[in-house]
Each structure stands twice: as C-alpha cells, then as structure tokens.
Asks: 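I have a structure I would like to understand better, so I am pasting it below and will then ask my questions one at a time.
Counting from 1, the numbers follow the sequence of the chain as shown. It should be emphasised that the depicted structure is a prediction, and the values quoted were computed from it without experimental measurement. What's counted below: heavy atoms across the whole structure, side chains too, no hydrogens, waters or symmetry copies.
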Amino acid sequence: MLAYTLRTLIKMAVTLFVIVSLVFFATRLSGNPVDFVLGEGITDEDRQLLIEYYGLDGSVWSQYWHYLGSILSGEFGLSFLERRPVSEIVAERIWPSLKLLLSTLVLTVSVSVPLGIAAAIYRTRTAGSIIMVVAFLGYAVPNFVLAIILILVFAYWLNWLPVVGDGTALHFIMPTLVMSGVLVAALTRFTRNAMLDVLSQDYMRTARAKGLPERLVILKHGLRNASITLLSVIGLQIAGLAAAGSVVVESIFAWPGIGELLVRSAITRDYPVLQFGVLAVAIAVIIINALVDLAYAYADPRIRLAKGT
C-alpha cells in the first residue's frame with residue numbers, strides 16, 4: 001500500500017506541474033496586461049517602465065523559469081491591479097467559496113442519498129420512475145439556466161431572495177440550489193445503481209431471513225456496503241464542483257469567492273492573481289481526488305490486489 005501511496009503522490013506532483021505550465025502559457029496568449037492597466041493615451045516611456053516593473057520585459061521562457069522559481073520559494077508576486085500580494089487576495093476568497101461548497105455538499109447528500117435509496121427500493125413503481133425522471137431533468141438543465149430561472153422567480157417577481165453577495169443566510173439559498181442541481185441528479189442516479197447492486201446480494205437475503213426490519217436491512221447492510229462506491233462519486237463531484245462549477249455560479253451571483261476572482265482576473269489580465277488562483281484550485285482538486293483514490297483503495301481489498309500493493 002505504501003508503493004501505491006507513493007505513486008499517487010508522484011501523479012499529483014506531475015499533474016500540478018502540467019497545470020501550472022499550461023496556465024502560465026495560456027495567460028500570455030491574451031496580450032500584455034500593461035495595456036489593460038494603463039489604458040489608452042499612455043506614452044511609450046511609461047509603458048516600458050511598467051513592463052520592467054512587473055518583470056514582463058524578458059522572454060516568455062525567462063518569465064516561465066522565474067515563475068517556477070517563485071512558486072518553489074513561496075513568492076507569488078503582486079496583483080497588477082490591487083498592488084498587493086496575490087496570496088493575500090486569494091486567502092480572502094477561500095472562506096466564502098468554502099462556505100458555499102459546504103452548504104452545497106450538505107444539501108446534495110441529504111437530498112440525493114434518500115432519493116437514490118427510494119428509487120432503488122421502488123424501482124418498479126411510479127415513485128421510483130418519478131424520481132429518476134426528475135434526476136434526468138437535473139442533468140438536462142445547465143446551472144446558468146437554473147440560476148436565471150431562480151433569479152427571475154425569487155428575486156425579480158417575488159422579491160424574496162437577494163441576488164448579490166453573501167451577507168446573510170438568504171444569500172446562500174439560490175447559489176446553493178444552483179450548484180447542487182446537477183450534483184443531486186448525479187448522486188441520486190449513482191446511489192440508485194449502487195443500491196440495486198447490493199439489494200440482490202446474498203447477505204441482504206440472509207439479513208431478511210433473520211427477521212431484521214427492512215429499514216435496518218437497507219440502512220445497515222445495504223447502504224453501508226454501497227457507501228464505498230458513493231464515497232468515490234461524492235469526492236469526484238466535489239472536485240468537479242471546486243474546479244468549474246463554482247466559477248459560473250459565483251460569477252452570476254457576484255459571490256466573493258475564488259471562482260468570481262478567477263473570472264475577474266482573466267478579464268483584467270491580472271496574471272499573478274489568475275495563476276495563483278488556478279494553482280490553489282488545482283491543489284484542492286488534486287488533493288480531493290487523491291484522498292478519494294486512497295480511501296477507496298484502503299476500503300476495497302480488490303483494488304489493493306489489482307495494484308499489487
């Protein structure tokens with residue numbers, strides 16, 4: 001198992017290096033950020049001074065090696081717009097994004113797991129079919145479309161919920177619903193499939209033969225054995241949400257998180273903030289995937305045998 005853990009750590013390091021490199025070169029394709037910061041009507045002397053000040057006067061490769069060296073030394077530079085350390089700017093955005101992610105996770109698990117169990121138990125009945133139809137509809141509706149619908153209904157027509165910011169508990173409702181929409185649909189489907197696999201197992205029939213209540217059989221024997229698969233699915237969904245889902249939602253609702261910061265930095269060509277923000281998100285996603293992978297391998301002996309550990 002130690003060898004498997006080491007291989008996972010090596011894969012994490014390689015993946016992070018590739019992401020850092022791709023983000024660095026991709027940001028350079030958008031043009032010189034000095035032109036955006038200064039705007040029109042500047043002199044060539046002022047432009048050159050600012051290029052030298054931000055370290056943009058060297059070749060792309062020299063900037064690249066300097067950037068890698070700064071990452072290793074823990075120096076991530078200053079924001080072109082705010083003129084303060086990018087690590088400080090990103091740190092201010094982590095907690096709002098984390099709060100939104102946690103509220104989405106709680107809502108997703110508390111709704112989708114019971115629905116998935118019910119869909120598996122009542123698979124031949126109308127209730128099970130209705131649950132799966134709703135789940136498939138969740139796949140079909142993009143999160144930005146759902147966000148527009150919620151804003152029109154609850155903010156514009158009914159005037160019940162605020163749209164911008166994270167000041168109160170009411171601000172969490174619409175962003176959480178939007179972010180959890182696709183996740184609930186996905187996890188409901190996976191929970192149903194996982195429960196269908198375990199419901200037909202011999203140990204389930206044995207538990208029923210012992211006279212155990214059906215609720216205890218489902219929760220103790222069925223859900224516990226299906227939780228290994230659900231753990232990996234939940235982890236991957238969280239990773240995907242942290243990587244891409246929060247960017248759209250935070251931008252729509254002006255949520256002061258990392259997702260909104262990345263969009264703003266990309267528009268304003270604030271390279272240091274964009275690079276460090278993507279780096280922070282990439283680290284979070286890689287760690288989540290690695291933890292899920294390791295937890296799945298430790299929990300399922302078949303994976304350990306397949307990996308030769």
Asks: Report the C-alpha distance between L177 and L107 in whole Å, list the side-chain angles of each, state the deciding distance to 0.1 Å, and finish with yes or no for side-chain contact (heavy atoms from CB on, under 4.5 Å).
Replies: CA-CA 8 Å; L177 289 175; L107 178 62; 3.9 Å; yes
Asks: Using the rule that two of Ile, Leu, Val, Met, Phe, Trp, Tyr join whenever any of their side-chain heavy atoms come within less than 4.5 Å, decide whether V23 and W61 are in one cluster.
Replies: yes
Asks: Within this structure, what is the CD1-CG distance for the pair I267 and L262, rounded to the nearest 0.5 Å?
Replies: 11.0 Å
Asks: So which atom in V111 and which in V184 form the shortest heavy-atom distance, rounded to 0.1 Å?
Replies: CG1-CG1, 4.0 Å
Asks: Could you give the distance from CD1 (I252) to CD (E260), rounded to the nearest 0.5 Å?
Replies: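 So the CD1 of I252 and the CD of E260 are separated by 12.0 Å.
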Asks: Kindly compute the distance separating CE (M132) from CZ (R189), expressed to the nearest 0.5 Å.
Replies: 6.5 Å
Asks: What I want to find out is whether E88 reaches R93 closely enough, with some N-O distance under 4.0 Å, to be called a salt bridge.
Replies: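 Result for this pair is no, no salt bridge flagged.
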Asks: Got F253 and I151 here, is their nearest side-chain heavy-atom distance under 4.5 Å?
Replies: yes
Asks: Side chains of F25 and V60, heavy atoms from C-beta outward: is any pair under 4.5 Å?
Replies: yes
Asks: Under the side-chain contact (heavy atoms from CB on, under 4.5 Å) rule, what do M195 and T191 come out as? Steps first, then yes or no, please.
Replies: CA-CA 6 Å; M195 288 299 298; T191 303; 4.2 Å; yes
Asks: Side-chain contact test, heavy atoms from C-beta onward, threshold under 4.5 Å: evaluate it for F24 versus L68 and give yes or no.
Replies: no
Asks: Taking atom types as modelled, find out whether T176 and S103 have a side-chain donor-acceptor pair closer than 3.5 angstrom.
Replies: yes
Asks: Please evaluate residues V20 and F17 with respect to the criterion side-chain contact (heavy atoms from CB on, under 4.5 Å), reporting the C-alpha separation (whole Å), side-chain torsions for both, the decisive distance (0.1 Å), and the verdict.
Replies: CA-CA 5 Å; V20 167; F17 172 76; 5.8 Å; no
Asks: Show the nearest heavy-atom pair for residues V86 and S79, with the distance to one decimal.
Replies: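 Minimum heavy-atom contact is CG1-N, 3.7 Å.
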Asks: Identify the two heavy atoms, one from P175 and one from L100, that lie closest to each other, and give their separation to 0.1 Å.
Replies: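 For P175 versus L100, the nearest heavy atoms are CB-CD1, 3.7 Å.
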Asks: I want to check something: taking the side chain as every heavy atom from C-beta on, are P272 and L274 in contact at a cut-off of under 4.5 Å?
Replies: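 Not touching, per the 4.5 Å side-chain cut-off.
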Asks: Quick one: does R264's side chain get under 4.5 Å of L261's, heavy atoms only?
Replies: yes
Asks: Mind checking what makes ring-ring contact (aromatic ring centres under 6.0 Å, His included) contact with F172, not counting sequence neighbours?
Replies: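 F172 satisfies ring-ring contact (aromatic ring centres under 6.0 Å, His included) with W255 only.
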Asks: Is the shortest side-chain heavy-atom distance between V153 and L158 below 4.5 Å?
Replies: yes
Asks: Please tell me if the side chains of Y64 and S21 come closer than 4.5 Å, counting only heavy atoms from C-beta onward.
Replies: yes
Asks: With rounding to the nearest 0.5 angstrom, report the CD1 to OG1 distance, I283 to T15.
Replies: 12.0 Å
Asks: Can V141 be reached from I131 by stepping across I, L, V, M, F, W or Y side chains whose heavy atoms are under 4.5 Å apart?
Replies: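 Yes, one cluster joins them.
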Asks: With the 4.5 Å side-chain cut-off for hydrophobic clustering, are V145 and L137 part of the same group?
Replies: no
Asks: Would you check if V113 and V109 make a side-chain contact, meaning some heavy-atom pair closer than 4.5 Å?
Replies: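 Contact flag for V113/V109 side chains = yes.
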Asks: Can you tell me how far CG of L115 sits from OG1 of T188, rounded to the nearest 0.5 angstrom?
Replies: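 The distance works out to 5.0 Å.
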Asks: Check the surroundings of atom OH in Y67: do more than 12 heavy atoms from other residues, nucleotides or ligands lie under 6.0 Å from it?
Replies: yes
Asks: If I compare all heavy atoms of L78 with all of P85, which pair ends up nearest, and what's the gap?
Replies: CD2-N, 3.5 Å
Asks: Flag yes if L72 and L16 sit in one hydrophobic cluster, no otherwise; membership is Ile, Leu, Val, Met, Phe, Trp, Tyr, and two members link when side-chain heavy atoms are under 4.5 Å apart.
Replies: no
Asks: Closest approach of G277 and I258, non-hydrogen atoms and distance?
Replies: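 Minimum heavy-atom separation between G277 and I258: O-CG2, 4.4 Å.
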Asks: Which residue pairs satisfy the side-chain hydrogen bond (donor to acceptor under 3.5 Å, both in side chains) criterion with at least one member in residues 121-136, sequence neighbours excluded?
Replies: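 Passing the test, one end in residues 121-136: no pairs.
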Asks: Give a yes-or-no answer on whether the side chains of Y271 and S265 include a donor-acceptor pair shorter than 3.5 Å.
Replies: no
Asks: Between L279 and I19, does a side-chain contact (heavy atoms from CB on, under 4.5 Å) hold up when you go through it step by step?
Replies: CA-CA 8 Å; L279 178 63; I19 292 175; over 6 Å; no
Asks: Work out which heavy atom in G259 is nearest to a heavy atom in S97; give both atom names and the distance.
Replies: N-OG, 4.3 Å
Asks: Same cluster or not: L150 versus W160, using hydrophobic residues (I, L, V, M, F, W, Y) connected whenever any side-chain heavy atoms lie under 4.5 Å apart?
Replies: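 Linked, L150 and W160 end up in one cluster.
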Asks: To the nearest 0.5 Å, tell me how far R192 CZ sits from D197 CG.
Replies: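 Rounded to the nearest 0.5 Å, the CZ-CG separation comes out at 10.5 Å.
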Asks: Ignoring hydrogens and geometry, is there a side-chain-to-backbone donor-acceptor pair from H171 to V164 under 3.5 Å?
Replies: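 Here the side-chain-to-backbone pair exists.
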